[in-house]
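The analysis underlying the following values was restricted to heavy atoms, covering all of them including side chains, and did not include hydrogens, waters or symmetry mates. Here is the naming used below: chain letters follow the sequence lines, and residue numbers restart at 1 for every chain.
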Amino acid sequence: MSSAPPSLNPAQLEAVHYLGGPCLVLAGAGSGKTRVITHKIARLLQAGYEPAQIAAITFTNKAAAEMRERAKQLVGPKAAKHLAISTFHSLGVRFLRSEGARLGLKEQFSILDSDDVLGILKDAGGSSDNALARSWQWTISLWKNQGLNSDGAEAAACNDNERVAARVMKRYEERLSAYQAVDFDDLIGLPHQLLLRDEECRTKWQNTLRYVLVDEYQDTNAIQYELLKSLVGDRAMFTAVGDDDQSIYGWRGATIENLRRLPEEYPQLKVIPLEQNYRSTGSILRAANCVIANNPKLFEKKLWSDFGDGEPVRVIECDGEEHEAERAVARIQSLRAQGGDVQFKDFAILYRANHQARVFEKALRKAEMPYKVSGGQSFFDRAEIKDLCGWLRLLVNNDDDPAFLRAVTTPKRGIGHQTLGNLGEFAGKWKVSLYEALFAESLGTAISARAIGSLHEFGRYVNDLEYRARNTTGSEDAKALLMGWLKDIDYEKHLYEGEDSEKLAASRWSNVLDFVDWIAKRCGGEIENDGGLTVETEKKSVLEVAQTISVIISLAERGDDQNVITLSTLHASKGLEWPHVVLAGVNEGLLPFKSDDEEMTPQRLEEERRLMYVGITRARQTLAVNTLRRRKKGRDTVQAIPSRFIKEMKLHEVTVKEDPREKLKALREAAAKRAADSAAQADTQR
DNA sequence: ATCCGTATGGTTTTT
DNA sequence: CCATACGGAT
């Protein structure tokens with residue numbers, strides 16, 4: 001974290017204490033926005049609001065958890081516990097759990113993730129083509145975010161593809177309601193619809209959440225804005241915190257229109273810019289300001305800090321990708337060699353596109369330096385692992401409906417959406433889980449005898465497996481049990497049938513085997529040779545291990561405490577900071593990114609520039625900007641020109657009007673580093 | 001028509 | 001490196 005000042009600065013104070021009406025805090029990078037939000041929460045409590053009446057909305061679970069943690073330190077655990085700090089989506093879940101009945105949704109509805117949705121769309125649209133199904137998913141999501149249902153979409157469809165998508169959407173809607181399931185878009189869209197049309201409900205919620213704070217406001221999309229508006233009502237007691245210069249999710253539907261509209265729709269809006277930065281040196285901030293100055297401004301804002309100039313921003317010219325990676329490695333080594341307490345975790349290498357990570361990974365491995373690639377999809381996100389986790393979750397908790405749906409359909413066992421729809425309806429009527437409904441006496445009234453047969457068979461199998469999982473301990477037996485299970489459900493065959501490429505299916509199967517080993521190992525009982533001592537680890541049942549999987553996953557996904565170099569996309573780096581940052585591949589075509597088939601509009605370029613701005617402002621002490629002289633394009637290497645953003649940083653037009661002694665010191669250090677750098681570089685080139 | 005091989009080229013992603 | 005696209009072969 002940045003070194004926080006002992007007290008709030010005047011702008012922060014104003015933002016915290018203004019409770020009189022709608023408020024927009026323009027929080028520049030590193031300006032202490034989380035601090036403002038948490039202090040404002042404390043201020044609201046002081047002003048007489050109940051914790052449960054204060055909502056703070058973020059975009060990611062991680063941000064929400066962090067916010068709650070920070071609030072806890074300020075207002076104490078008791079109050080913090082009741083604060084409504086959550087993501088847009090989990091607020092939607094909470095809303096629908098309590099109000100869903102008004103929409104015919106049972107309390108225990110299921111939430112589908114995007115893989116689930118893809119599967120349903122392929123099924124509903126009768127296509128096994130992933131790309132096609134994904135394009136439907138994309139189109140449908142866009143429609144939903146405009147507030148359209150399938151009828152509206154049908155009318156709005158302007159070409160054949162869209163008309164097909166609209167028809168698929170119709171069937172998709174039917175499936176969702178039959179399964180008593182919603183997708184991520186519904187978590188925002190349905191509450192919005194309900195608030196709009198049900199006055200009683202609207203009043204109730206406006207009285208429940210009396211003050212709303214929104215973090216990363218520049219990332220909201222059109223429907224989130226509408227939801228917010230109906231949530232705060234005419235009283236308009238809210239604070240939006242955001243930075244138009246860090247809006248980098250336009251391609252995902254986020255719109256800075258929402259920032260433009262705010263002062264128009266709320267003329268009494270209080271706008272407070274936070275311009276003092278507590279993160280970066282003067283050189284870094286100057287470069288950032290210069291770059292962003294090329295964008296038309298929505299609100300005037302200029303970052304400054306009183307840390308002094310620090311190291312100048314360095315532009316590093318490289319021959320090609322490999323050379324760039326070598327130089328980055330050399331740079332890290334030389335900065336560490338300079339002494340001080342420079343850790344691996346103090347470094348980040350940031351790039352535009354994921355594939356750029358490869359070369360760096362290779363170079364870091366070669367230099368035996370530890371690193372992590374953030375943003376790369378986790379082992380547990382793979383479809384095959386999610387399938388198996390679905391089964392395990394069902395064993396742990398029979399009433400986990402999404403897990404039930406996943407397990408009952410993987411692999412296909414003659415239980416189709418018709419049957420599941422009926423089962424879902426039945427379960428909804430009697431307010432029981434799908435699994436419970438399975439064994440109900442009166443199920444015969446809702447479902448054909450044949451289907452009941454398959455369902456009962458499935459239920460008995462799950463029951464039996466659960467029993468065995470509970471009573472199997474030790475890794476040997478556990479492995480046998482798990483392999484037996486996979487054989488029973490014929491999962492390997494399922495993989496090979498579901499995948500047209502044999503190679504891919506084989507790699508999926510090998511992931512499955514890894515997963516089995518991973519669980520089995522945790523069941524213990526193995527004789528381990530630990531430093532000459534023979535230790536028999538404690539035995540656990542398969543079911544016990546299954547119970548802890550979600551915890552283990554969340555632990556594995558974190559790992560912020562590890563002392564490793566971070567490799568990350570610029571997008572994923574937003575909100576984070578490192579003492580030393582390397583921006584990789586800052587060349588025309590890559591950053592700003594230019595695709596062959598899409599035109600570079602001014603808006604596009606502006607978003608790319610904001611991306612550059614985000615990258616620059618991640619750095620606390622040193623920033624290196626890499627350019628390539630040649631870059632790989634497919635087979636051959638082509639000439640590459642430095643990004644226009646480099647010129648925009650105006651690194652050479654700097655007139656330093658700081659303490660001359662500071663300047664001298666900086667120069668000396670820079671010279672020393674250059675020497676060390678080129679020495680290290682010469683080394684690696686040997 | 002379908003399948004397999006090689007060629008080609010490559011954004012960004014949370015819920 | 002991996003996914004998709006397209007062309008040649010069956």
* Whole-Å distance between B:dT13 P and A:D185 CG? -> 18 Å

* Ring-base stacking, A:W251 with B:dT12 (5.5 Å, 30° cut-offs) -> yes

* **Between B:dT14 (P) and A:H89 (NE2): distance, integer Å** => 11 Å

* Structure fact -> Taken to the nearest whole Å, CG/A:D186 to P/B:dT14 is 20 Å

* Asked: Atom CG of A:L103 and atom CG of A:L194: how far apart are they, to the nearest 0.5 Å?
  -> 4.5 Å

* Asked: Rounded to whole angstrom units, what separation is found between the CZ atom of A:R134 and the C1' atom of B:dT13?
  -> 12 Å

* **Heavy-atom donor-acceptor pair, A:R68 side chain to A:A80 backbone, under 3.5 Å** => yes

* To do: Return the value, rounded to whole Å, for the distance between atom CZ of A:R610 and atom C1' of B:dT12.
  => 13 Å

* Structure fact -> Of C:dC1, B:dT12, B:dT15, the nucleotide closest to the side chain of A:R358 is C:dC1

* Should A:N354 be listed as having a side-chain N or O under 4.0 Å from OP1 or OP2 of B:dT12? -> yes

* Counting only side-chain N and O atoms of A:T569, is one of them less than 4.0 Å from OP1 or OP2 of B:dT13? -> yes

* Asked: Do A:S141 and A:D185 have side-chain N/O donor and acceptor atoms under 3.5 Å apart?
  -> yes

* Using a 4.0 Å heavy-atom cut-off across all strands, classify A:D219 as base, sugar-phosphate, or nothing. => nothing

* What residue among A:D401, A:D116, A:D400 forms side chain to side chain donor-acceptor pair (under 3.5 Å) with A:R406? -> A:D116

* Asked: How close or far is atom P of B:dT14 from atom CD1 of A:I223, stated in whole angstroms?
  -> 21 Å

